[in-house]
Structures are given as C-alpha cells and as structure tokens.
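A quick write-up on the structure given underneath.
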Amino acid sequence: MKEKYLKLDYENILAFINKDSLDEIQTEVSRAKNKLDNKSGLGNAFLGWLDTVGNYNPDMINDIIKTSKKIQKQADVLVVIGIGGSYLGAKAAIEYMKSYFKLTSKTEVIFAGQNLSSTYLSELIDYLKTKDFSINVISKSGTTTEPAIAFRALKILLEDKYGETSANKRIYATTDKNKGALRSLADTKKYKTFIVPDDIGGRYSVFTPVGLLPIAVAGIDILKMLEGAKEAKDTYLKEDIYQNDAFMYAALRNLLYRDKFAVELLVNSEPKLNYFSEWWKQLFGESEGKDGEGLFVASASFTTDLHSLGQFIQDGKNIIFETIINIDKPEKDLLIGQNKANLDQLNYLKEKSIDYVNKQAIKGTRLAHLDGKTPNMMITIPKISAYSFGYLVYFFELACAISGYLLGVNPFNQPGVENYKKNMFALLEKPGFEKLTKELKKKL
C-alpha cells in the first residue's frame, strides 16, 4: 500500500470528543460529499475548482508559462494588483517557495491593491521609478476599489515611463471573459488577457490564471504544483472519514466547534508558511463565517508566537484548538556547536541540529497545551516544494467545502463582504448612495 503523502495526527483531539460523535458525524459527511459529487448543494455554481487540477487546459497552462518567460525577460519587477483571493494564493505560494534572502527568479513579484495605505502605494511608485516593471491586474469587474485605485496610479506611471503603446504591452489583465470595466479596457488597449473562470470563486482560484501566472513569473514550477493538487484530488475520494484525512479534519473541527471551541489556530514552525496561513484564513473565514455560524480562524508561527500568545493558549479561556502544519524535512539544517565557556548554557545541545530542537519544541508545546486543555492536531507533509503546496491547497479546499456543508452554510458565497463597501461608498459620496450617505452622516 502506498504511504500517505500527508499525515493527519489527531490523537490529541480524541480526549475532547467521543467515538460515538465521530461515528454519528460520518452520516453528515457522506451527505456533504454527495452534495459536492452531484453538485446539488448551496453554491453549486462555483464548484469548478473540483475538476480544474485534474482536467486543466494544456493550452492555457502553456500560454501562462510562455507569458511568464516573456515577463521575466521584460521586467525586473512584476506588480500583481488584486485583493483577497486575487492575490493571497499567489502570495502564499511565492512566500512558501522562495529563499528568505534572495530572489527565486530574475523578476521580483510584488503586490499592490490589497490595501488602501497611501504610504504603501507612494513608496511602491518611488521604488518602481528606477525599475523595469510590468503589471498583472487581477479583477473580475475592474471596479473593486482597492485594486482599481492602485491600477489607476501604476498605469499612469507605466505610461509615463514607456509611452502608452509600449505600456500596453506590459499590462496583463486577468479578468472576466466577456464583461466588466477591465475586460472593456483590455479589449480596447489590446492587453494580453487571461480569464477568471465563472465557476470558481476568488479564494478557490489558486490553480487558475489568477494564481498561476504570478507564481510562474516567480520561477515556481506550476506543473509540479498542479501535479501535487491532482494527487490530493485522487487521494481523497472515499467518504469514510477514517480513510480520508480531508474529511476527518473537517469532521473533527466541526465536532470541536459544536462543543465550546470557537477558535481554530493554524500553527506553523516554519515562517515560509505565514502567508499560507493568510490564504487559509480567507478560505475558511469567508467560506464559513455566515448565518451566525463558523469558527473564528487565526494563525501563529511557533516558537515565535509562544512568547506572545503562548500564555493565553496554555492558561486562558479554553476556546482554542490548534491545527499544526509540520514539515518533516527542512530545506536546510545546521548543527549546534560547542563553546568552552558555555555562557549561553547550550553545550548540552552540541552536535544536535536546529531542526531537531525545533521539532522537540513543537512536541513539548503540544503536550503542554494538551495539559492546558487545548486540543491540537498535526498535519505533516514531507518537505517544502511546489508539489506539497499544491497538495496542501487542495486538501484544505476540499475540507473547507465539506466543513461548510456540515455547518449548514453556503461555503462559496460572501454576502457580508459587501456591507463595508456600501458604507465606504456612501461616506465617499459615490453617486447612487445618496440615501445611505445621509443616514450615515446622522450617525457620525
């Protein structure tokens, strides 16, 4: 029997749930899987991600790779403009794969339009003035405020630097196939375009041109990434939770939620996963946080955050459980040397590796938190690679879809996200929001 690529250790959860609960939730998991398989559940119009990794269009992938090589020759910097799912997947992959202190690719990939900081955008403009740069603007509509503001500013800079005709050849638009402001502009200006699929929402779009183009420009093997995702898809077919770690993970987190555990903390011990955690937070937070339901999802990097959050996790209110992502083999390791004076009292660790110390710290932390009545489970993957990134992403996407159905919500919409936008538009006195503008001004 083939060894599992990803291993889920949930031994430290079992003391907080009973066997009968696991057996009972199996029926719910089977129903949820049936909704996915038959596309009969809430949000079924957005299930394209289920099949993308197994049936991707080779012409599209070749086009992405060809375009990425063109951008690498053309630009020192690619600015990716997008927010939410339009940037987090690519950012997570690049941070996961790149060296901490040197570029993975000739072309640096940086992001804009993910905030409304005037300082961030101003400093980015100053940085780009001495660089050859191109833009990948990602927006289905072209009118989302944050990326639209960034694109307007950077497009002006690009046109001033290269002239409009040459600038148009440095702008790559990932947008709707037929409609929207960005599609109209791209058609008029003859930008190179890629399509945001209609049946895949932003937080599930890592394996579409939304994620794949900037990831490829960063020098990451997107074919290996898709291969890893495909293996995950082929692995998690059985509905039995004892034979399907993605479904078991979904079941366990829901059983803990039904008890008193309101917060899931995704923990890593490798900072390269910090932005993976940001992608994961959007995936689960936006998919499940609705209709008065859903875990609050947070993240931490150990051992760093043990010196800040550790006290609460250990001795605070028991509302947290931890899901730890463990990398079995580090990319690099160092042995700890010996010092005659031993002023730092580390000689007892001589000839031990730093990764060994890190892993013992995590083991000790898990046991301590278990004593403090904080349940924890661990997901282990062999190593950092494009393949493991693809595998992890699909694992969590599938688990999230099942988990959302277990909660009884639509895992593929985000109605609450629009509320802040309406208020913002009204306060900015955008045409069409006059009534709300008056209402809000009375409150302020």
Side-chain angles (χ1 to χ4, degrees), residues 8-18 21 88 91-92 95-96 115 203 248-327 345 354-381 392 395-396 399-400 403-404 406-407 409 416 420:
L8 176 67
D9 172 10
Y10 54 90
E11 186 69 27
N12 290 355
I13 299 283
L14 297 179
F16 299 87
I17 59 176
N18 60 60
S21 296
L88 275 171
K91 178 70 171 174
E95 294 296 317
Y96 185 93
N115 60 57
R203 56 191 178 273
M248 176 61 84
Y249 168 65
L252 292 171
R253 63 194 304 276
N254 274 271
L255 289 174
L256 290 167
Y257 171 70
R258 293 172 189 181
D259 191 0
K260 61 183 180 182
F261 298 100
V263 179
E264 179 176 12
L265 190 67
L266 188 72
V267 174
N268 69 70
S269 58
E270 174 57 64
K272 286 190 174 188
L273 273 71
N274 285 350
Y275 256 95
F276 184 89
S277 297
E278 295 301 311
W279 169 82
W280 174 89
K281 284 192 286 190
Q282 188 202 4
L283 178 69
F284 280 90
E286 202 168 74
S287 296
E288 296 186 326
K290 58 200 71 164
D291 302 335
E293 296 288 352
L295 284 153
F296 182 81
V297 287
S299 61
S301 185
F302 289 175
T303 60
T304 303
D305 291 328
L306 288 174
H307 294 261
S308 54
L309 300 176
Q311 176 61 43
F312 183 91
I313 298 168
Q314 186 71 42
D315 291 334
K317 190 173 178 65
N318 292 124
I319 57 171
I320 294 175
F321 71 91
E322 297 167 300
T323 300
I324 301 156
I325 300 180
N326 175 52
I327 310 298
Q345 299 179 39
I354 293 175
D355 185 64
Y356 172 81
V357 174
N358 195 20
K359 285 184 167 53
Q360 301 317 303
I362 294 300
K363 288 178 182 177
T365 301
R366 291 187 71 193
L367 292 171
H369 289 178
L370 189 62
D371 290 340
K373 303 197 182 313
T374 297
N376 55 75
M377 54 183 153
M378 178 177 280
I379 292 169
T380 298
I381 57 172
L392 266 180
F395 171 89
F396 281 118
C400 184
S403 189
L406 292 179
L407 279 173
V409 302
Y420 92 88

Just wondering, do [Y] and [X] contact through their side chains at under 4.5 Å, heavy atoms?
X: Y96; Y: L273; result: yes
X: L306; Y: H369; result: yes
X: V297; Y: L266; result: no
X: F276; Y: L392; result: yes
X: I17; Y: L252; result: yes
X: M377; Y: E322; result: no

### Task
Applying side chain to side chain contact (heavy atoms under 4.5 Å, CB included), run through T323 and L265 and close with a yes or a no.
CA-CA 6 Å; T323 300; L265 190 67; over 6 Å; no
### K363: partners by salt bridge (Lys or Arg N to Asp or Glu O under 4.0 Å), with sequence neighbours left out
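Salt bridge (Lys or Arg N to Asp or Glu O under 4.0 Å) list for K363, sorted by chain: empty.
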### Query
How would you list, by chain and number, every residue that makes a ring-ring contact (aromatic ring centres under 6.0 Å, His included) with F284, sequence neighbours excluded?
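ring-ring contact (aromatic ring centres under 6.0 Å, His included) list for F284, sorted by chain: W280.
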### Query
With sequence neighbours left out, what residues match Y249 under ring-ring contact (aromatic ring centres under 6.0 Å, His included)?
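For Y249 the ring-ring contact (aromatic ring centres under 6.0 Å, His included) partners, ignoring immediate neighbours, are F395, F396.
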Counterpart residues, side-chain contact (heavy atoms from CB on, under 4.5 Å), relative to [X] (two or more places apart):
X: N115; answer: S117, Y120
X: K373; answer: F16, N318
X: D9; answer: E11, R366, M378
X: E278; answer: L88, Y275, K281, S299

### Query
Got a sec, which pairs hit ring pair (Phe, Tyr, Trp, His ring centres under 6.0 Å) with one end in residues 288-318, sequence neighbours left out?
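Of all non-adjacent pairs touching residues 288-318, none passes ring pair (Phe, Tyr, Trp, His ring centres under 6.0 Å).
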Determine the minimum heavy-atom distance between [X] and [Y], stating which atoms define it.
X: T303; Y: A361; result: CG2-CB, 3.9 Å
X: A250; Y: A399; result: CB-O, 3.6 Å
X: P375; Y: I13; result: CB-CD1, 3.7 Å
X: S301; Y: N268; result: OG-OD1, 3.0 Å

Please list, chain by chain and in numerical order, all residues satisfying side chain to side chain donor-acceptor pair (under 3.5 Å) with [X], sequence neighbours excluded.
X: E293; result: Y257
X: N358; result: none
X: D315; result: Q311

Measure the [atom1]-[atom2] distance between [X] and [Y] for me, rounded to the nearest 0.5 Å.
X: F261; Y: L295; atom1: CZ; atom2: CG; value: 11.0 Å
X: Q360; Y: D355; atom1: CD; atom2: CG; value: 9.5 Å
X: N376; Y: I313; atom1: CG; atom2: CD1; value: 10.0 Å
X: T365; Y: I324; atom1: OG1; atom2: CD1; value: 8.0 Å
X: D305; Y: S269; atom1: CG; atom2: OG; value: 12.0 Å
X: N18; Y: L255; atom1: CG; atom2: CG; value: 8.5 Å

### Query
Can S403 and E288 be counted as having a side-chain donor-acceptor contact under 3.5 angstrom?
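Note: S403 and E288 side chains meet the donor-acceptor criterion.
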### Message
Could you tell me if S277 and N274 have a donor-acceptor pair between their side chains, going purely by distance under 3.5 Å?
### Response
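No pair is found: no donor N or O on one side chain lies under 3.5 Å from an acceptor on the other.
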#### Entry: Pairs flagged by salt bridge (Lys or Arg N to Asp or Glu O under 4.0 Å) wherever residues 260-270 is involved - sequence neighbours left out
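Every pair satisfying salt bridge (Lys or Arg N to Asp or Glu O under 4.0 Å) with a residue in residues 260-270: R253-E264.
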